[in-house]
Amino acid sequence: MLSFECDYNRGAHGKVIEHLIETNMEPLPGYGEDIYSKRAKEKIREACHCPEAEVYFLAGGTQTNQVVIDSLLTKYEGVIAADTGHINVHEAGAIEFTGHKVLAIPHVNGKLMAADVRSYLEKFYDDTTHEHMVFPGMVYISHPTEYGTLYSMDELKDLSHLCREYDIPLFMDGARLGYGLMVKDTLLTLPDIAKLCDVFYIGGTKVGALCGEAVVFTHGNAPKHFVTMIKQHGALTAKGRLLGVQFDALFTDDLYFKISRNAIAMAEVLKRIFREKGYEFFIDSPTNQIFIVLENEKMKALAKEVTFSFWERKDEDHTVVRFATSWATTLEEIKELEKLL
């Protein structure tokens, strides 16, 4: 059975596993105070060109989104997100579970546009009854988005300037950040993101790690006693080495970026095959997520030999599905899928 349903269906890159094995029997302090976690944090600061950054490791994306958002918002605030945003659609109400509302507004190809966010903020503060409403206390975006699309430099700058104008943090979900950074024509770099966002995270779970996300507060703006807040959420890993060792490996010799590039290269090959065979694209995604429109009968037949993700119904006879490549996808797997198509 070929597997293209997601980008976290493999274990971890061999060098990550090797580093875990090499350090396995070393007695180390817990809760991320070990030498490897500290070293990984320094490597991330260097990669971000942000020596003042505060870096924390958490185990997974939903956990990270919940902890960061809950820690930065006051009790009466919510978070602005695209209506297609992960925190609004696919996190089982994790944000609302903490008492904060997701303030969903329309997207443009999965992205939040600064003009739409400004309109929302202006309407909120122009309403004389806004004291009775949920205050917008943060803007959440993901890069890449749920549709595999990317923010341009200008789009991110516009959002960043708007958030600073209204004195609210801009938070980037980077669960697939490596893949977004390795797209051929993108201008956004990791240092750019560190400069323009108040907090973001570098996803490891989907990019070569067994688990783990690296949260980066970019200008000394981490909430006071953030580690305590992580623990209150049940998210502080006692054996913090598990996360630190993995990121130490991923940020050695640019491994994180090299393996991310593989996903993009394999996605480009697969996109070419889909085009040559006349398949309809639902959206033009430049990253590792490919959205194809399939006839329902073809979808059922294909599903017997390959896994992919249901996305949405297009009409009575057609369905939008997603094929995802990853750091581990091989050309041999692409060729096998080509035969089935």
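Everything quoted here is computed from the prediction, not taken from an experiment. FYI, side chains are in, hydrogens and waters are out, and symmetry mates aren't considered; it's all heavy atoms of this structure.
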Original post:
Do you see a donor-acceptor pair shorter than 3.5 Å between the side chains of Asp192 and Thr189?
Top reply: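 A pair is found: one side chain offers a donor N or O, the other an acceptor, under 3.5 Å apart.
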Original post:
Going by atom types only, do Thr319 and Asn296 share a side-chain donor-acceptor pair under 3.5 Å?
Top reply: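 Side chains of Thr319 and Asn296: pair found under 3.5 Å.
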Original post:
Does the separation of the ring centres of Trp311 and Phe291 fall below 6.0 angstrom?
Top reply: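 Yes.
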Original post:
With a 6.0 Å cut-off on ring centres, are Phe4 and Phe308 close enough?
Top reply: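 Ring-ring flag for Phe4/Phe308: false, centres at least 6.0 Å apart.
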Is atom [atom1] of [X] surrounded by more than 12 heavy atoms (other residues, nucleotides or ligands) closer than 6.0 Å?
X	atom1	answer
Phe97	CZ	no
Lys277	NZ	yes
His130	NE2	yes
Ile105	CD1	yes
Lys298	NZ	yes
Tyr76	OH	no
Glu295	CD	no

When you measure from the side chain of [X] to the backbone N and O of [Y], does any donor-acceptor pair fall under 3.5 Å?
X	Y	answer
Tyr256	Gly203	yes
Ser160	Leu156	no
Glu26	Thr23	no
Asn221	His219	yes

Relative to the ring of [Y], is the ring of [X] parallel (under 30°), tilted (30 to 60°) or perpendicular (over 60°)?
X	Y	answer
Tyr151	His143	tilted
His107	Tyr147	parallel
Phe247	Phe251	parallel

**OP:** Would you please test Glu165 and Arg118 for salt bridge (charged side-chain N to carboxylate O under 4.0 Å, His left out) and show each step?
**Re:** CA-CA 10 Å; Glu165 178 184 337; Arg118 179 178 292 280; 2.8 Å; yes
Original post:
Would you say the side chain of Ile17 lies within less than 4.5 Å of the side chain of Leu210, judging by non-hydrogen atoms?
Top reply: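 In short, these two side chains touch, coming nearer than 4.5 Å.
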Original post:
Out of curiosity, does Ile230 fall in the hydrophobic cluster containing Ile87 (side-chain heavy atoms, cut-off under 4.5 Å, transitive links)?
Top reply: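 Yes, same cluster.
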Original post:
Is there any ring-ring contact (aromatic ring centres under 6.0 Å, His included) pair reaching into residues 180-201, and which pairs are they, with sequence neighbours excluded?
Top reply: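 Checked against ring-ring contact (aromatic ring centres under 6.0 Å, His included) - neighbours excluded - no pair reaches residues 180-201.
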**OP:** Taking the six-membered ring of Phe281 (Phe, Tyr or Trp), confirm whether the NZ or CZ of Arg275 is under 6.0 Å from its centre and within 45° of its axis.
**Re:**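 Geometry flag: set, cation within 6.0 Å and 45°.
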Subject >> Face-on cation placement of Lys101 at Phe135 ring, 6.0 Å and 45° thresholds >> reply: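 Cation-pi check for Lys101 and Phe135: fails.
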**OP:** Of all the heavy-atom pairs spanning Leu337 and Leu270, show the shortest one and how long it is.
**Re:**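 Of all heavy-atom pairs spanning Leu337 and Leu270, the closest is CD2-CD1, 3.6 Å.
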Subject >> Audit row: Asn65, His86, side-chain hydrogen bond (donor to acceptor under 3.5 Å, both in side chains) steps and yes/no >> reply: CA-CA 9 Å; Asn65 287 333; His86 203 61; 5.9 Å; no
**OP:** List for me each residue that meets side chain to side chain donor-acceptor pair (under 3.5 Å) alongside Glu333, sequence neighbours excluded, and say none if there are none.
**Re:**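 Counting only residues at least two positions away or on another chain, Glu333 forms a side chain to side chain donor-acceptor pair (under 3.5 Å) with Arg10, Thr330.
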**OP:** Could you tell me whether Glu332 and Lys335 have a side-chain N and a carboxylate O separated by less than 4.0 Å?
**Re:**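 No.
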Original post:
Can you name the residues that form a ring-ring contact (aromatic ring centres under 6.0 Å, His included) with Phe171, not counting sequence neighbours?
Top reply: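 By the ring-ring contact (aromatic ring centres under 6.0 Å, His included) rule, Phe171 matches Tyr140.
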